[in-house]
Amino acid sequence: MKKKPSFFARFYMAFIMLFLYAPIFVLIVFSFNSTRSRTVWTGFSFQWYQRLFSDGTILDAFYTTLIIAALAAVISTVLGTFAAIGFYNMRSRWRTPLTQINNIPMMNADIVTGVSLSLLFISIGSLLRFRLGFGTLLIAHIVFCVPYVVLAIMPKLRQIDRNLVDAACDLGCTWMKAFWKVIIPEIRPGIINGMIIAFTLSIDDFVISYFTAGGNIMTLPMQIFSMTRRRVSPEINALSTILFLSVLTLLIIINVRDIKQEEKLKKRHAALNN
Amino acid sequence: MPKELIRLSNCAMAFDGEDVLKNINLYFNDKEFLTLLGPSGCGKTTTLRIIGGFLKPISGDVYFDGVRINDVPPHKRAVNTIFQKYALFPHLNVFENIAFGLKLQRQNGKKLSKTEISSRVFEMLDIVSLKGFEKRDVTSLSGGQQQRVAIARALVNRPKVLLLDEPLGALDMRLRKDMQIELKRIQQTTGITFIYVTHDQEEALAMSDTIVVMESGEIQQIGTPEEIYNEPKNAFVADFIGESNILDGVMHSDGLVEIFGRKFKCLDGGFKPMELVDVVIRPEDIDIVDVSQGMLKGTVTGITFRGVLYDIIVDFHGFKWLIQTTDLCPVGSKIGIKIDPDGIHIMHKSQFSGMFGDYSSFSDEYDEISDVAYEFEPEEAEGNYEA
């Protein structure tokens, strides 16, 4: 039987939620404030949003972010899918250490990744005559997204009955056909989740972008940062709100998909056992 | 005269330096129901996967209809497989699962027409009694229904040979018995050669035309179910198929064997004079008589009620026999036994001599425990799956 949570437990929970979300709540509320005041509520208005969408540099940053995120998501998903399948087909002696190595970049401090990528790009760039810019920014985003894609796909691969590929070959598929007709459909939920995660991470990233974008282009998080350095404008509140809501939406999509797939899997197991 | 369809010639297989098949020579006749029978890790699934093309033997050749097919990949072989746990495609419905192979087929470079595909699928659904299920999600089906889809998916391609890898392992006992009859019926109506892998001896006896008993990568015996049961070649086969008391004996001359210092008449011959042999006596071939009239005298040490029969354990000179009888013999009572000559089977000594056939422990119970283990562990020892 479930016990009713005690008063203390509820209070503690409420406190934690408040602690986590109050700042964001304040930010969202003040993005609709009618004056510049950051302390007094003076009335509801959309003016900061309007200004945001008429500001050319912000719109540029917005497009850059979207294009980088979309490209990074697609490319890192393709790379990550093949990497995951490679890991899966390895002997376990190799698979275990290599998947661990795959996990290291995720735990590594962003600033270390950012600085090291920046150094790498500059040193190679001086040899091959290219500069930090869109290309290096995109490569950097792909690099930090791939491990997450691998991580999203591996569990799906592990759930595949190994006989499925044999069964497809048995029924007339070459290995490549079996790959497209059986493996890909089976891990598709993982691939899509991986892509959404990569997209989210790319939109979200500031530190690594800051070191690898060079001076000529900016992503939204970089734009927000540079705006705060000049003067704190309520436009930042509006921009941050949009960023927060879009990331939140993506996270909710990922979680809902996860829950749905788990239910499907449970049903599948139940069916096999009766 | 039956026609030979598949031949394995000196086939050997090893995984990570460990031999799992040692020089297998075996042929399969057209239209026969052949069972590869043996305990987990005996090499039966490996043999099946070599025929299916999923494994290449490290030495030896595989022939199909006289043509060497070692290098022919699975999708070009005229065999189809029913896998352990069915391996249905979860993202496809029943119709699409069954049509999977047909959609890949080419006749004179042309795809099969939609109408032909659907008429063949519906014909199959009829054969496996799944009419009306075509739109269903395979994951919503019960184990027995999934099994039928797997059968239909394989048979719809009209293979010459169907390979079945423990197909009934995941079903409960009653459904298993129904499916045994069903499979046998399908095999007879379609006239397709079935090569069936199982560790369940009852299943093998009930369904097969020919049984191949395997152990430690070698063929122990090939024969009809009756031959395998009545004339096992060695102690392993005698013990694995049914219950057996296996005793040390000395063959005096044709038709005369000595067990525990007593001479018994038997029907076997062809042994050297005074050759040491293994003697098999099935528990149901032993008659219980009064102590004074018994060929051997012993004490009952255990009794188990089995429904129709009692299993009793009787101690003769320190060796525990299993006897199946309808008479109630209480523990501790002295009994005599009588064995007819046709109840005694003589075997040459083998590497398995002395390993089986004494009932000091209730090997029944051990058998059941190990049976359970077979069902849940795919034969990882054979290296088909990676840990």
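So that the names make sense, note that chain A is the first sequence line, chain B the second, and so on, each numbered from 1.
Looking at B/L88, the atoms closer than 4.5 Å to chain A (heavy atoms on both sides) all sit in the backbone: N, CA, C or O. Only the side chain of A/K177 comes within contact range of chain B, with at least one heavy atom under 4.5 Å from a heavy atom of that chain. Heavy-atom distances place both the backbone and the side chain of B/F89 under 4.5 Å from chain A. In this structure, chain A has heavy atoms under 4.5 Å from both the backbone and the side chain of B/R153. Heavy atoms of B/N80 lying under 4.5 Å from chain A belong to its backbone as well as its side chain.
Ranking A/C173, A/P185, A/A178 against chain B, the residue ahead of the rest is A/C173, based on heavy-atom pairs under 4.5 Å.
Side chain of B/D172 to backbone of B/L175: a donor-acceptor contact under 3.5 angstrom is found.
Here B/D165 contributes atom CG and A/D166 contributes atom CG; the two are 10.5 Å apart, rounded to the nearest 0.5 Å. To the nearest 0.5 Å, the span separating OH on A/Y148 from CG on A/N103 amounts to 9.5 Å.
Here the rule is salt bridge (charged side-chain N to carboxylate O under 4.0 Å, His left out) with B/E182, and of B/R148, B/K177, B/R176 only B/R148 fits it.
In summary, B/R7 and B/D61 do not engage in a salt bridge, as defined by a charged side-chain N under 4.0 Å from a carboxylate O.
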